[in-house]
Participant: 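Dropping a structure here in structure tokens format, bear with me for questions.
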Amino acid sequence: MVAVPGSPADGLARLADGYLVTQLLHVAIALGVPEALTGGPRGADDLAGELGAVPGPLRRVLRGLAAEEVLDELPDGRFALTATGELLLAGTPGSLRGAVTARAELYYRAAAGLLDAVRTGDTPFDVVHGRPFFDHLAAAPERLAAFRASMAGRSAREAGAVVAAYDLTGFASVVDVGGGSGTLLRAVLERVPSADVVLFDQPDVVAGSDLPTVGGDFFTGVPGGADAYLLSRVLHDWDDGDALRVLRSCRAAMRPDSVLLVVEAVLPRRAVEDPAVVRMDLHMLVLLHGRERTAAEYAALLEEAGLRLTADVPTAAGVHVLEARPQG
Ligand SMILES: C[S@@+](CC[C@H](N)C(=O)[O-])C[C@H]1O[C@@H](n2cnc3c(N)ncnc32)[C@H](O)[C@@H]1O
């Protein structure tokens, strides 16, 4: 589709061509384009041999990336990384490399099932792949590794912002429920080195961690009696019934003066106010039975679990810290 630049038709054409952009980014990572450009600008012919690519198609892909301002196309035809392109490198602070790979390799095909999902209520991933998302990951170590790399990148971006936004210094003991690789708990320990911490997650996830761990099932119970419980990016994985079960486990473990800190993106009142969270909600619709929620929806869920939302603290990483305490 070719339309007058800046016209409504051009805007719509760009949206419709979004399927190409995901794959352009994926090709760049898979070939090692960002790494090859760290030493300075290079041409497609020069890059092709080194990256195992055919020069003609590679040049067209690089031009596609330049059109999206991931690369800069210099007057002499060579290509350089832009600030956006640098985020495809693993070592760049705030890198989105893992997130891009997960979208291209794990989510992309499932999105083709979205229409069925809207018509039938089925989960697109299950329809397209014939099995649930986490079963599909478990069946191939490289898929699981790609997903974990994406999650690790996201938690690294969020953890620093969470401990900067919410004062944890008053807590002597902290349990991170569904804490994954422990990125958030390590950020907590940097702020409060004396804190007694526990990383709680499924036994195979916490095995081998350098942090104090307890393996278990958060639907059944979590370690009791801590000052603070963290629940970061857990509730959005689940529908309301299961999210409530997790919250009830936390509530049962809490003392009357314990605090629960739910770290989640919060859906805006109107979609245009925070499109990134709306897209995250669509990832949940495509992949899982989960969903993002508004602050009012979190407050209602917490209340049903015997907890009261006492503060909603936004962070610089887009997620909020929703502070909850046992109802009196
Ligand atoms: C989206 S990840 C969030 C990880 C981490 N809290 C973060 O913010 O990056 C959800 C976590 O819930 C854990 N989980 C899933 N089911 C669980 C269960 N039944 N009991 C304990 N942990 C579980 C997963 O292993 C995973 O680490």
Side-chain angles (χ1 to χ4, degrees), residues 11-12 14-23 25-26 96 98-140 143-144 146-155 157-158 178 180 218-219 231-247 262-302 304 317-320 322:
L12 185 58
R14 280 199 64 168
L15 292 175
D17 289 345
Y19 80 102
L20 284 170
V21 180
T22 305
Q23 295 300 338
L25 296 172
H26 179 47
L96 291 170
V100 170
T101 300
R103 278 156 182 73
E105 289 187 356
L106 303 175
Y107 311 169
Y108 185 83
R109 279 183 57 207
L114 196 52
L115 179 59
D116 284 336
V118 175
R119 285 191 169 140
T120 64
D122 292 336
T123 300
F125 193 95
D126 302 6
V127 173
V128 171
H129 290 274
R131 57 184 167 188
F133 182 62
F134 285 110
D135 292 356
H136 187 70
L137 295 189
R143 285 187 208 131
L144 195 56
F147 182 65
R148 288 196 171 149
S150 173
M151 291 301 107
R154 180 192 49 70
S155 3
R157 287 191 297 279
E158 291 173 0
F218 52 40
F219 292 117
L231 202 50
S232 166
R233 296 297 212 160
V234 168
L235 296 180
H236 80 154
D237 283 349
W238 305 97
D239 63 22
D240 283 356
D242 284 333
L244 198 53
R245 288 167 67 205
V246 179
L247 285 173
V262 174
V263 177
E264 290 286 358
V266 171
L267 276 174
R269 206 172 47 83
R270 298 180 64 237
V272 288
E273 291 165 9
D274 201 339
V277 182
V278 174
R279 290 200 304 275
M280 180 59 72
D281 183 52
L282 291 169
H283 288 311
M284 306 315 288
L285 180 63
V286 166
L287 301 175
L288 297 163
H289 299 278
R291 47 176 301 202
E292 304 299 331
R293 295 176 173 88
T294 63
E297 287 168 338
Y298 277 116
L301 264 185
L302 288 162
E304 229 181 305
V319 285
H320 291 222
L322 301 169

Participant: Just wondering, do R157 and L96 contact through their side chains at under 4.5 Å, heavy atoms?
Facilitator: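 Of all side-chain heavy-atom pairs linking R157 with L96, at least one is under 4.5 Å.
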Participant: What is the minimum heavy-atom distance between V319 and A265, and which atoms define it?
Facilitator: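 Nearest heavy atoms, V319 then A265: CG1-N, 3.8 Å.
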Participant: Search all heavy atoms of M280 against all heavy atoms of E292 and return the closest pair with its distance.
Facilitator: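 Closest approach of M280 to E292, heavy atoms only: CG-OE2, 2.9 Å.
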Participant: Checking side-chain contact (heavy atoms from CB on, under 4.5 Å) for the pair V266/D274: CA distance, chi angles, key distance, verdict?
Facilitator: CA-CA 9 Å; V266 171; D274 201 339; over 6 Å; no
Participant: Looking only at heavy atoms, what is the nearest atom pair of L287 and D126, with distance?
Facilitator: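 Scanning both residues, the minimum pair turns out to be O-OD1, 4.4 Å.
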Participant: Got more than 12 heavy atoms from elsewhere within 6.0 Å of CZ, R131?
Facilitator: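 Yes, enclosed.
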Participant: Do R233 and M151 pass the side-chain contact (heavy atoms from CB on, under 4.5 Å) test, and can you show the C-alpha distance, the side-chain angles, and the key distance before you say yes or no?
Facilitator: CA-CA 10 Å; R233 296 297 212 160; M151 291 301 107; over 6 Å; no
Participant: Okay, side chain of E264, backbone of V234: is any donor-acceptor separation there less than 3.5 Å?
Facilitator: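 Such a contact is found between E264 side chain and V234 backbone.
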Participant: Mind checking the OG1-CG spacing from T120 to L115? Nearest 0.5 Å is all I need.
Facilitator: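 Spacing of OG1 (T120) from CG (L115) equals 9.0 Å.
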Participant: Between CG of L114 and CZ of R119, what distance do you get to the nearest 0.5 Å?
Facilitator: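 If we round to the nearest 0.5 Å, L114:CG and R119:CZ are 11.5 Å apart.
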Participant: Provide the closest heavy-atom pair for A146 versus L106 in the form atom of the first, atom of the second, distance.
Facilitator: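 Closest heavy-atom pair between A146 and L106: CB-CD1, 4.3 Å.
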Participant: Test side-chain contact (heavy atoms from CB on, under 4.5 Å) on V278 and L267 and set out the steps.
Facilitator: CA-CA 7 Å; V278 174; L267 276 174; 4.3 Å; yes
Participant: In the structure I gave you, are the side-chain heavy atoms of R269 and T294 within less than 4.5 Å of one another anywhere?
Facilitator: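 They are not in contact (no side-chain heavy atoms under 4.5 Å apart), so the answer is no.
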Participant: Salt bridge (Lys or Arg N to Asp or Glu O under 4.0 Å) with E105: which residues, sequence neighbours excluded?
Facilitator: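 By the salt bridge (Lys or Arg N to Asp or Glu O under 4.0 Å) rule, E105 matches no residue at all.
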Participant: Minimum heavy-atom separation for T22 and A104, please, with both atom names.
Facilitator: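 Minimum heavy-atom separation between T22 and A104: CG2-CA, 4.0 Å.
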Participant: Counting only heavy atoms from other residues, nucleotides and ligands, does the tally under 6.0 Å from CZ of R143 exceed 12?
Facilitator: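 Buried by this count: over 12 neighbours within 6.0 Å.
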Participant: Side chains of D242 and D239: closer than 4.5 Å at any heavy-atom pair?
Facilitator: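 Of all side-chain heavy-atom pairs linking D239 with D242, at least one is under 4.5 Å.
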Participant: Would you check if T101 and S150 make a side-chain contact, meaning some heavy-atom pair closer than 4.5 Å?
Facilitator: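 T101 does not reach S150 side chain to side chain.
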Participant: For the pair R154 (side chain) and A99 (backbone), establish whether a donor and an acceptor sit closer than 3.5 Å, ignoring hydrogens and angles.
Facilitator: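 No; judged by distance alone, with no hydrogens or angles, the pair does not exist.
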Participant: Is any side-chain heavy atom of Y19 closer than 4.5 Å to a side-chain heavy atom of Q23?
Facilitator: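 A side-chain contact under 4.5 Å is absent here.
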Participant: Are side-chain heavy atoms of L301 and D240 found at a separation under 4.5 Å?
Facilitator: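 Heavy-atom side-chain distance check passes, below 4.5 Å.
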Participant: Checking side-chain contact (heavy atoms from CB on, under 4.5 Å) for the pair H283/L288: CA distance, chi angles, key distance, verdict?
Facilitator: CA-CA 8 Å; H283 288 311; L288 297 163; over 6 Å; no
Participant: Is W238 close to L244 at the side-chain level, that is, under 4.5 Å between some pair of heavy atoms?
Facilitator: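 No, every pair of side-chain atoms sits at 4.5 Å or beyond.
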Participant: Taking the side chain from R293 and the backbone from L235, do they hold a donor-acceptor pair closer than 3.5 Å?
Facilitator: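 Flag set: sc R293 to bb L235 pair under 3.5 Å.
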Participant: Checking A110 now: which residues fulfil side-chain contact (heavy atoms from CB on, under 4.5 Å) with it, not counting sequence neighbours?
Facilitator: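 A110 satisfies side-chain contact (heavy atoms from CB on, under 4.5 Å) with F125, H129, V286 only.
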Participant: Just wondering, do V262 and H320 contact through their side chains at under 4.5 Å, heavy atoms?
Facilitator: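 No, their side chains stay 4.5 Å or more apart.
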Participant: What's the separation between atom CZ in F133 and atom NE2 in H289, rounded to the nearest 0.5 Å?
Facilitator: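 It comes to 12.5 Å.
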